[in-house]
Structures are given as structure tokens and as C-alpha cells.
Amino acid sequence: MSRATLEKFDAIVIAGPTASGKSAAAVVLARALNGVVINADSMQVYRDLHVLTARPTPEEEGGIPHHLFGHVDGAVNYSVGYYLKDATAAIADAWQAGKLPVIAGGTGLYFKALVEGLSDIPPVPEEVRAAVRALAETLSAEALHAHLAVRDAAGAARLNPADSPRVQRALEVVEATGKSLASFHDNRTPGPLVGKRLKKLFLDADRDLLRSRINARFEKMMAEGALDEVRALHARRLDPLLPVMRAHGVPGLIDYLEGRVSLEDAITRGQADTRRYAKRQFTWFRHQLEGWDWVKPADAVEAVLGRPA
RNA sequence: GGGGGAAUGUCCCGAGCGGCAAAGGGGGCGGACUGUAAAUCCGCUGCGUAAGCUUCGUAGGUUCGAGUCCUACUUCCCCCA
């Protein structure tokens, strides 16, 4: 069985909304197929947050090697670009060692990079980023958008003025390269999984059940020390714009630590953010990625290994 | 026992000069997405494709017209006893 599956696939990819059981399924499959688990979650990469990002515990890892979990410092502005590089290496290592990569996570954009590749865009110099950010602070969203329209009309037309992060990025790219963001989209670095034999699963959890799991999980995280994690993170005084600082629960719990809201409100906010996120994950995988098998979480393992004899 | 206040769109909170299918928010749903993606942004949320239909605790009344005014009733809250 495991030999047959190994010969059939170069990698197993498991996506799904948060709290749908991806990590557990990944471990079961990795164990059955002589595999390793590779993370595809944009927040579980951060060292600073273990409990709050639901990163697998040593027990949950079940002796299976886990890669790209907690390997990034919170002060780093990690991104798809870095992820693609790290994941490409991790996958190559697994193949090298004769192991099956079992890639699990919830970040659609990361999967897209793995499966379809990512445009080659020169890194934007820090000075340019800072300049654009400064400009964004002076101008209204509309004015910034109008400014982009002058440099990159097509790019501006594609963006809603209120969508400031994207407007800023588009602006950064033109400022740094003199070319529009879209002009780079033609040539891309192929992802490590392009052209590979894949089993791609999306864990299609029941919405109502997922909601209650999310709410309960957040309470559990609080009981397991999430607040201490955030307290330590808060003490680092990092730039609030950094990705770690936006992880579900972090903004609310920081507000609590600084005395602006009650603990109860902070928790409610963390749960709500997580619920809304889960909803967006469904939308993403429904439309942005093709060829995935939507299976119920309970059927994930069987979907790969087949029905046990 | 007396006095005062409140009941709003079949999830919740909540605004509402007599012209309102009824502000706003939450929640939910749908959607966008190429380097901050657990972020960011957009749309829908009484029924109906539409003309239109049915809503604001209940029952009456005043009015061309009532969520808005009047009467009674029901429930809840507060104060005095």
C-alpha cells in the first residue's frame, strides 16, 4: 500500500480552513508513507507564536520530522518569496532522502506559489518601501491611488483605492523598477511542485462545526498560555505592521495588555478574526486553485491510502 | 398597590420630524486576491426576475397616509410602596 502510493505521488498536499484537522491528517499520512511534514502556513513559521498559531506540539508531531515550523524570528517580514525558497529546499531535501513530502497548511497563496510558481520581481529596496510608506501616511487612500495611476495606470485601474496594501505594493514596484507590477507576471519562477504527481486535498469541514471548533480552540489556547506568548512578543516592541503582529489574537490581546479592552473582548475578537479567515479560505481554494479534491476531514487519510482492507 | 420607561426588519444590538422596505453595527453568506495573505478590499442579508407584496409586541382607533399619534391588552425593565 505505502509503496504503491509512494510510486504514485511525488507529494501530498493538504489544505483546508483553519481548525479542520490538517496537521493531524498530515502526520498520519507521513507515518504511513515514509514522509515528512512541511508547513504551508504563513503564521506557523514564526518562532514567537507556538500556542496561538496552533503549531503542532512535539506529541502531535508524533516523531515525524516537521519542517518550516517556527523557523522564522518574529522581527522578520517573511513573505511568499521567502517561503517559496525555503519550501523548495525542504521538498528537495525530502526527495533526496527518499521521503514523501506531505505539505500541510492553510495559506492559499503559498500553495499557489508551490503549485504554479511565483513571478520574478526584483526585491524592493528598503528605502523605497519606507518612502512609499511615508507617502501613504501623508496622503489619503484616494490620493495615493491617484498617485499610482500616474505611474501605473493599468495597475491602478485594477485596484480599489481603499485596498491600500496592494496600492502601496504596486507603487513600490514601479518606484523601484520603473516597470509596472503586472509587467513581471509573465515570467515566473516555477514552483517545486510544478509538473509533479500530486495528491491535493482540501479538507472541506462542516461550517457550523468549524465555527464551534474555532471558538473552543481559542479558549484552549488561552488556557495553554497564549497570553504569555503575546506578552513576550509585546515586550519585543516590534513594528506593529509586521506579519506576526497580525496573527489572530495578537492585536486584541495586545490591546488587552495595554489596558484598552477587556480580556473577554480580546478573546471574542480573536475568535471572530479566525472565523472570518476560515470563510475566506473556502473562497480562495474554491476559485484560485484548481484540481483539488474536496474531502471531509474524516475521509482525508482514506482519500490517499484507500480503504483499509 | 402607585409612578415611569421599553418592545423595530421572523440571528443579535440598534436609529427612526406622520410619507419608510425602514439609518448603522454585529453575526452570517458570496466575491476579489502574485512577495505583509491569519493581511487587505468589495458585494448581499424581509419575499419576489419584476410590477409588486408582506413587516416594526397584540387588537382596535385617528389620518389622504402610522414604526412614528390615541385607547386597551401582553411581556420586560426601573423607581416609590
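The shown structure was predicted, so the numbers you read here are calculated from the model rather than taken from an experiment. Side chains are part of it too, since the values below use all heavy atoms of this structure and drop only hydrogens, waters and symmetry mates. Chain letters run A, B, ... following the sequence lines, proteins first, then strands; residues in each count from 1.
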| said: Using side-chain heavy atoms (C-beta onward) and a distance below 4.5 Å, is Arg169(A) in contact with Arg166(A)? | reply: no

Tell me whether the OP1 or OP2 atom of [N] has a side-chain N or O from [X] closer than 4.0 Å.
| X | N | answer |
| --- | --- | --- |
| His287(A) | G30(B) | no |
| Ser79(A) | U36(B) | no |
| Arg211(A) | C29(B) | yes |
| Arg280(A) | A37(B) | no |
| Arg207(A) | C29(B) | yes |
| Arg166(A) | U40(B) | no |
| Tyr78(A) | G35(B) | no |
| Arg276(A) | G27(B) | yes |

| For the side chain of Leu181(A), counting heavy atoms from C-beta on, which of A37(B), G35(B), C42(B) is nearest? | G35(B)

Please determine whether a side-chain nitrogen of the Lys or Arg among [X] and [Y] lies less than 4.0 Å from a carboxylate oxygen of the Asp or Glu.
| X | Y | result |
| --- | --- | --- |
| Asp299(A) | Lys296(A) | no |
| Asp152(A) | Lys179(A) | no |
| Lys199(A) | Asp293(A) | yes |
| Arg236(A) | Asp73(A) | yes |

What is the distance from [atom1] of [X] to [atom2] of [N], rounded to the nearest Å?
| X | N | atom1 | atom2 | value |
| --- | --- | --- | --- | --- |
| Gln271(A) | G27(B) | CD | C1' | 13 Å |
| His145(A) | U40(B) | NE2 | C1' | 14 Å |
| Leu159(A) | U34(B) | CG | C1' | 12 Å |
| Gln281(A) | C29(B) | CD | C1' | 16 Å |
| Gln44(A) | A37(B) | CD | P | 14 Å |
| Arg169(A) | G35(B) | CZ | C1' | 5 Å |
| Glu172(A) | U34(B) | CD | C1' | 14 Å |
| Glu142(A) | C41(B) | CD | P | 12 Å |

Between [M] and [N], how far apart are the [atom1] atoms? Round to whole Å, please.
| N | M | atom1 | answer |
| --- | --- | --- | --- |
| C79(B) | C17(B) | P | 28 Å |
| G16(B) | A23(B) | C1' | 7 Å |
| G61(B) | C11(B) | C1' | 34 Å |
| C77(B) | C29(B) | P | 34 Å |
| U49(B) | C13(B) | P | 30 Å |
| C33(B) | C42(B) | C1' | 11 Å |
| C41(B) | U36(B) | C1' | 14 Å |
| A22(B) | G27(B) | P | 24 Å |

Looking for any heavy atom pair under 4.0 Å, which part of the strands does [X] touch: base, sugar-phosphate only, or nothing?
| X | value |
| --- | --- |
| Leu289(A) | nothing |
| Ala278(A) | nothing |
| Thr18(A) | nothing |

So which protein nitrogen or oxygen atoms get under 3.5 Å of nucleotides 11-13 of chain B's nitrogens or oxygens?
none

| note | On a heavy-atom basis, the closest approach of Ala226(A) and Leu52(A) is CB-CD1, 3.6 Å

Which one is paired to [N], where only Watson-Crick or G-U wobble pairs with both distances under 3.5 angstrom count?
| N | answer |
| --- | --- |
| A6(B) | U75(B) |
| A23(B) | none |
| C44(B) | G28(B) |

| request: Establish, yes or no, whether the cationic atom of Arg207(A) lies under 6.0 Å from the six-membered ring centre of Phe282(A) and within 45° of the ring axis. | output: yes

| query | Of Gly81(A) and Asp41(A), whose closest RNA chain B nucleotide lies nearer the 5' terminus? | reply | Gly81(A)

Run the side-chain donor-acceptor check on residues 85-98 of chain A: report pairs under 3.5 Å with partners two or more places apart or on a different chain.
{"unit_1": "Asp86(A)", "atom_1": "OD2", "unit_2": "His71(A)", "atom_2": "NE2", "d": "3.2"}
{"unit_1": "Asp86(A)", "atom_1": "OD2", "unit_2": "Tyr78(A)", "atom_2": "OH", "d": "2.5"}
{"unit_1": "Thr88(A)", "atom_1": "OG1", "unit_2": "Leu84(A)", "atom_2": "O", "d": "2.5"}
{"unit_1": "Trp95(A)", "atom_1": "NE1", "unit_2": "Asp10(A)", "atom_2": "O", "d": "2.8"}

| query | Do the side chain of Lys279(A) and the base of G28(B) come within less than 3.5 angstrom through a donor-acceptor pair of N or O atoms? | reply | no

| Any donor-acceptor pair under 3.5 Å from Arg133(A) side chain to Gln168(A) backbone | no

